[in-house]
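The structure under discussion is supplied below as C-alpha cells; questions concerning it will follow.
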Number of protein chains: 2
Amino acid sequence: MTRQDKINQSGVAARRVTIADLSRELGITKGTVSRALNGYTDISASTRQRVERAAERLGYRPLTQAQAIRTGRSQSIGLVIETGNHDAHRPFLAEFLAGASSAAAAEGWTLTVSTADTPDQVLQRMQQLVQDRKADGFILPRTLSDDPRVAHLRAHDVPFVLFGRVADPTGCAWFDFKGGVAIRDAVHRLHAAGHRRIGYIGSTPEYHYEKLRLAGFRRGLSDLGLAEEPALMCENAVIRSQGAEAARQFLCQPDRPTALIYAVDDAALGAWDAAHEAGLAIGHDLSIVSYDGTKEGAAARPSLASYAVDNRYAGERLAHLLIRRVRGEAPEALREECDVPFRPGGSFGPVRGPTGGNPSGRMP
Amino acid sequence: MTRQDKINQSGVAARRVTIADLSRELGITKGTVSRALNGYTDISASTRQRVERAAERLGYRPLTQAQAIRTGRSQSIGLVIETGNHDAHRPFLAEFLAGASSAAAAEGWTLTVSTADTPDQVLQRMQQLVQDRKADGFILPRTLSDDPRVAHLRAHDVPFVLFGRVADPTGCAWFDFKGGVAIRDAVHRLHAAGHRRIGYIGSTPEYHYEKLRLAGFRRGLSDLGLAEEPALMCENAVIRSQGAEAARQFLCQPDRPTALIYAVDDAALGAWDAAHEAGLAIGHDLSIVSYDGTKEGAAARPSLASYAVDNRYAGERLAHLLIRRVRGEAPEALREECDVPFRPGGSFGPVRGPTGGNPSGRMP
DNA sequence: CCTCTTGCCGAAACCGGTTTCGGGATCTTT
DNA sequence: AAAGATCCCGAAACCGGTTTCGGCAAGAGG
C-alpha cells in the first residue's frame with residue numbers, strides 16, 4: 001500500500017517494471033509469475049494468460065542480468081575476432097555485424113564483440129567471456145579445417161556455431177555458403193565460353209573453405225573431362241600482390257591458361273597487374289572469375305566477375321542458429337548451406353583464338 | 001562444514017569463486033569483503049589488505065551481472081553503428097573495434113555492439129541497451145555538427161564520448177584527430193611544391209569533421225596569402241564516383257587547378273578516373289593529397305598521398321575515456337586531440353610549368 | 001464416503017553481489 | 001573515571017529474478 005509505486009515523475013526516466021510490480025498488480029507471488037512466463041507446466045492456463053496479458057500491458061521485460069545470476073545465461077552472443085592475422089575478413093565485418101546484431105536484437109539478445117591478436121588469445125577471451133557470463137555461446141568466423149576453437153569449446157561444453165565448416169563436423173552447427181558449388185559452376189561457365197585451359201589460384205589451405213573450393217574446381221574439371229594440371233593450380237594467394245605473382249607464374253608458361261579462377265576477390269585483382277605487365281587484356285585475352293563479390297572487384301575495370309556472398313544474411317542466420325543452439329537444440333538440426341549467386345562482370349569473356357600471341361591484345 | 005566446496009573434479013570447469021567463498025575463507029562477512037574491495041572508508045587498512053590478498057590469491061573477480069542488479073552498472077561500453085547509411089566508416093571498423101575492445105578488456109569491460117538502419121533506430125537501440133543495462137555508456141562515431149544522439153543522451157543523462165567533435169561541446173567528452181590541422185598542412189606542402197591553384201573537394205558538410213577540414217583549408221590559404229576561389233571548392237564528395245565528378249568540374253575550367261585536396265580517400269580515388277579521362281598524369285600534371293590513409297589509397301598507382309589516421313588508437317583512447325566518464329569524471333577533463341601524420345605518395349609532386357596544355361602529359 | 005492423485009499456487013530459499021544500520025570496542029576529552 | 005566521539009565490522013535487508021518444496025483443493029477411483 002505504500003505510495004512508492006509512482007516514482008515516475010514526468011520527464012524523469014521511467015523506472016523499469018519489475019516482476020514484483022507484476023505480482024502485486026495481479027495479487028500473485030513472484031514465483032508464480034516467473035513460472036507462468038517461463039513455461040512451467042504447473043500453472044493453469046487461465047493464470048498463465050492473465051500473467052502474459054499483464055506483462056504485455058505493463059511492458060514487463062525481465063532484466064537479463066538478474067536472470068543470469070541464477071540461470072547462468074545472459075542472452076548475448078559472443079564474437080571474437082582475430083586481428084593481427086591477415087585482415088581478409090575486414091570488408092565483410094560491417095555487414096556481418098549488421099545481420100547478426102539485428103537478428104539478435106529481434107530476440108532480445110545482444111552481441112558482445114571482442115578481439116584478439118593470436119589464436120591463443122582468442123581462446124582465452126572466449127573462456128573469459130563465458131566465465132563472466134558475457135556470452136552464452138559463440139559464432140566462429142573463418143573456420144580452419146582443424147580449428148582449435150572448436151576443440152576448445154567442445155571440450156568445455158560451450159555452445160557455438162561455425163561460419164563455414166570443419167573437417168570433423170561432430171557436434172557442430174553451422175551456416176555456410178556453397179563455395180565449392182560456386183567454383184564448380186565457374187568451371188562450367190568458362191568451359192561453355194570455350195575455355196579449356198583454366199587455372200586455379202586458391203587461398204590459404206588451412207581454411208576449410210579453401211579445401212571446398214579446390215574440390216569444387218577439381219569436380220568441375222572432371223565433370224567436363226578436363227585433365228588436372230598441377231602447373232595450373234596453386235594456393236596461398238590471399239592479397240592482391242600474391243594473386244598477381246601467381247598469375248605471372250601461370251602466364252609465362254608455354255601453353256598459358258586463357259582463364260583463371262581465384263578463390264578470393266582480393267587476390268583476383270592481382271590479375272589486373274599481371275595481365276597489364278604481360279600486355280593481355282582482361283576479359284579478352286584472359287578471363288577472370290572469382291569469389292566473394294567485393295565492392296573493390298565491382299569497381300575494377302573491367303569489373304570482376306564473381307560469386308557474390310551476402311554477409312549480412314550470413315550474420316542473421318548465424319545469430320538465429322546460435323540462439324537455438326543455446327536453447328538446447330541439437331547441432332545436427334542446425335546446419336544451413338546457401339547458394340551463392342553469380343555476379344557477371346567484364347572480366348569474363350569467351351576464349352579468343354588458340355594463340356597466346358598478339359601481346360598488345362585489345363581489338364575493337 | 002558441508003563438503004560441497006570442492007565440486008572441482010579434475011577436468012570439469014572450475015566453479016567461479018564467489019564472494020561467499022572469500023568471506024568464509026577469511027572469517028569475515030560478505031558485506032565487509034564487498035566494502036573492503038570497493039574502497040569504503042570504514043574498513044581498516046589491515047583488513048582491506050587481507051581481503052585484497054585473498055581475492056588475488058583465489059582469483060576472485062566479482063560477477064558483473066550480480067553487481068549490475070544492485071549498482072545498475074554492467075561494465076560494458078555500447079557502440080551502435082548506423083548501417084544503411086553510406087558505409088564510409090566500413091573500412092575503419094575492424095581496427096577501431098580492435099582498439100576499443102582491447103582497451104575495454106584491459107579494464108575488465110566488454111563491448112556491446114549493435115546496429116541500426118536509421119538515426120531514429122540508433123536512438124531506440126541506445127535507449128534499450130541502457131534500460132537493459134547492457135551498456136553503461138556509448139561511443140558515438142561519425143558525429144554530426146548537431147547530432148541527435150548527443151541531444152538524446154544528454155537529456156537522458158547517459159554517459160557518452162564522441163569520436164570527433166560537435167558544434168556545441170557542452171558536457172561532451174571526445175577524442176578527435178586534428179583533421180583541420182592536417183588539411184592546413186596539406187595546403188602548405190602543396191604551396192611549397194609550387195602549387196598556387198589548389199582545389200578543395202570536401203565531404204558531407206553535416207559531419208563536423210568536414211567543417212573542421214574545410215576551415216583548415218581556408219586557414220591554409222590565408223596563411224599563404226592565397227585567395228579563396230569558390231570555383232575551386234566543393235563538398236559532398238564521399239565516394240569514388242562523386243570524387244571523380246567533382247574533379248571533372250574543376251579540370252575543365254580555363255585556369256584549372258594543379259592540385260586537389262580531398263577530405264576523404266575514397267573520394268580522392270575518383271581523381272584517378274577524371275585525370276585519366278583528361279589525359280593528365282596524377283603526380284605530374286595533377287597532384288592529389290587526401291585524408292584517411294586507407295589501404296586502397298596506398299594501393300593505387302601512383303599511390304595516394306594522405307594523412308594516415310590510426311583508428312585502432314582512436315578506439316583505445318575512446319574506450320578509456322568512456323570508462324572514466326562512466327566512473328564520474330567531468331567531461332571537460334576527458335578531451336583528447338591527436339595529430340595525424342602525413343603519408344607520402346606518388347600522387348604528390350611539384351607543379352609542372354604554367355600550362356594546362358600538353359594533355360598527353362607523361363614525360364620520363 | 002474415504003483415500004489417492006493430480007493440478008495449482010504460496011512460501012521461502014537461493015543466485016552473487018551491494019548497501020544501510022546499529023552497536024561493541026577503542027580512543028579522546030573533561 | 002565517566003561521557004562522548006571514532007573506528008570497524010556484523011547483521012540483515014535489498015536488487016530482480018528463479019527454483020524447490022510443500023500443502024490445499026478439486027477430481028478420480030474404490
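Sequence lines set the chain letters: A, B, ... in the order given, protein chains first and strands last, and positions in each chain run from 1. Only this structure's heavy atoms are used, side chains among them; waters, hydrogens and symmetry mates stay out.
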For residues A:Leu140 and A:Val161, determine if any side-chain heavy atom of one lies less than 4.5 Å from a side-chain heavy atom of the other.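 With C-beta onward as the side chain, the pair stays apart.
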Where each residue is assigned the nucleotide of DNA chain D containing its nearest heavy atom, which of B:Gly27 and B:Ala66 is assigned the position nearer the 5′ end?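 Nearest nucleotide further toward 5': that of B:Gly27.
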Given D:dA13, D:dG16, D:dT19, the nucleotide with the shortest approach to the side chain of B:Ile69: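 Looking only at heavy atoms from C-beta outward on B:Ile69, the closest nucleotide is D:dG16.
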B:Leu26 CG to D:dG10 C1', straight-line distance once rounded to whole Å: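 Checked: the CG to C1' distance equals 15 Å.
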Residue-phosphate contact under 4.0 Å: B:Gln67 side-chain N/O, C:dT18 OP1/OP2: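 Yes, because at least one side-chain N or O of B:Gln67 sits under 4.0 Å from OP1 or OP2 of C:dT18.
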So, A:Arg133 and A:Ser74: side-chain donor and acceptor under 3.5 Å apart, yes or no?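 No, A:Ser74 and A:Arg133 have no side-chain donor paired with an acceptor closer than 3.5 Å.
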Among D:dG17, C:dC9, D:dG10, which nucleotide has an atom closest to any side-chain atom of B:Arg35?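 Within the option list, the nearest is D:dG10.
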Measure from the side chain of A:Asp42, starting at C-beta and using heavy atoms only, and say which of D:dG10, C:dG16, C:dC9 lies closest.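 Closest of the options to the side chain of A:Asp42: C:dC9.
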A:Lys30 NZ - C:dC14 P separation (whole Å):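 That distance rounds to 14 Å.
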Phosphate OP1/OP2 of D:dT19: any A:Ser34 side-chain N/O under 4.0 Å: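 So the side-chain polar atoms of A:Ser34 never come under 4.0 Å of the phosphate oxygens OP1 or OP2 of D:dT19.
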Of all the choices, C:dC14, C:dG16, C:dT18, which nucleotide is nearest to the side chain of B:Leu63 once you look at every atom?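 Shortest atom-to-atom distance from the side chain points to C:dG16.
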Side chain of B:Arg16 only, please: which of D:dC9, C:dG17, D:dT18 is the nearest?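 Out of D:dC9, C:dG17, D:dT18, the nucleotide with an atom closest to B:Arg16's side chain is C:dG17.
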Taking only side-chain nitrogens and oxygens of B:Thr47, does any of them come within less than 4.0 Å of OP1 or OP2 of D:dC9?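 Answer is yes, contact under 4.0 Å.
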Could you tell me whether B:Gly31 contacts a base, only the sugar-phosphate backbone, or nothing, with contacts defined as non-hydrogen atoms closer than 4.0 Å?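 Base contact.
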Atom CZ of A:Arg73 and atom C1' of C:dC15: how far apart are they, to the nearest Å?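 Computing the A:Arg73:CZ to C:dC15:C1' distance gives 14 Å.
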If you check every side-chain atom of A:Ile19, which of D:dT18, C:dG16, C:dT18 has the closest atom?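 Nearest to the side chain of A:Ile19 among the choices is D:dT18.
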Is A:Thr18 touching bases, backbone alone, or none of the nucleic acid, heavy atoms closer than 4.0 Å?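 Since only primed, P, OP1 and OP2 atoms lie under 4.0 Å of A:Thr18, the category is sugar-phosphate.
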Side-chain donor/acceptor contact of B:Arg133 with base of D:dG16 under 3.5 Å: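 It does not, because no donor-acceptor pair links the side chain of B:Arg133 to the base of D:dG16 below 3.5 Å.
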If we count only N and O atoms by modelled type, under 3.5 Å, do the side chains of A:Thr32 and A:Arg35 hold a donor and an acceptor together?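 A:Thr32 vs A:Arg35: donor-acceptor pair found between side chains.
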Residues B:Thr118 and B:Asp120: side-chain donor-acceptor under 3.5 angstrom: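 Note: B:Thr118 and B:Asp120 side chains miss the donor-acceptor criterion.
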To the nearest Å, how far apart are B:Arg70 CZ and D:dG17 C1'?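 For the pair B:Arg70 CZ and D:dG17 C1', the rounded distance is 14 Å.
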Atom-pair distance (CG on B:Leu37; C1' on C:dT18), nearest Å: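 Interatomic distance, CG of B:Leu37 to C1' of C:dT18: 12 Å.
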Set of residues satisfying side-chain contact (heavy atoms from CB on, under 4.5 Å) with respect to B:Gln128, sequence neighbours excluded: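 For B:Gln128, the residues satisfying side-chain contact (heavy atoms from CB on, under 4.5 Å) (neighbours in sequence not counted) are A:Arg61, B:Asp132.
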Could you tell me whether A:Thr32 contacts a base, only the sugar-phosphate backbone, or nothing, with contacts defined as non-hydrogen atoms closer than 4.0 Å?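 Base contact - A:Thr32 has a heavy atom under 4.0 Å of at least one base atom.
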Return the value, rounded to whole Å, for the distance between atom CD1 of B:Ile28 and atom P of D:dA11.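 So the CD1-P distance, B:Ile28 to D:dA11, works out to 12 Å.
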Distance in angstrom units between A:Gln65 CD and D:dC14 P, rounded: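 Spelled out: CD on A:Gln65 to P on D:dC14 is 22 Å.
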Side-chain H-bond candidate by donor/acceptor type, A:Lys134 with B:Thr110, under 3.5 Å: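 On atom types as modelled, these side chains qualify, holding a pair under 3.5 Å.
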OP1 or OP2 of C:dG17 under 4.0 Å from side-chain N/O of B:Tyr60: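 Answer yes for this pair, as a side-chain N or O of B:Tyr60 is under 4.0 Å from OP1 or OP2.
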Rounded distance in Å - CZ (A:Arg24) to P (D:dG17):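 To the nearest whole Å, that distance equals 12 Å.
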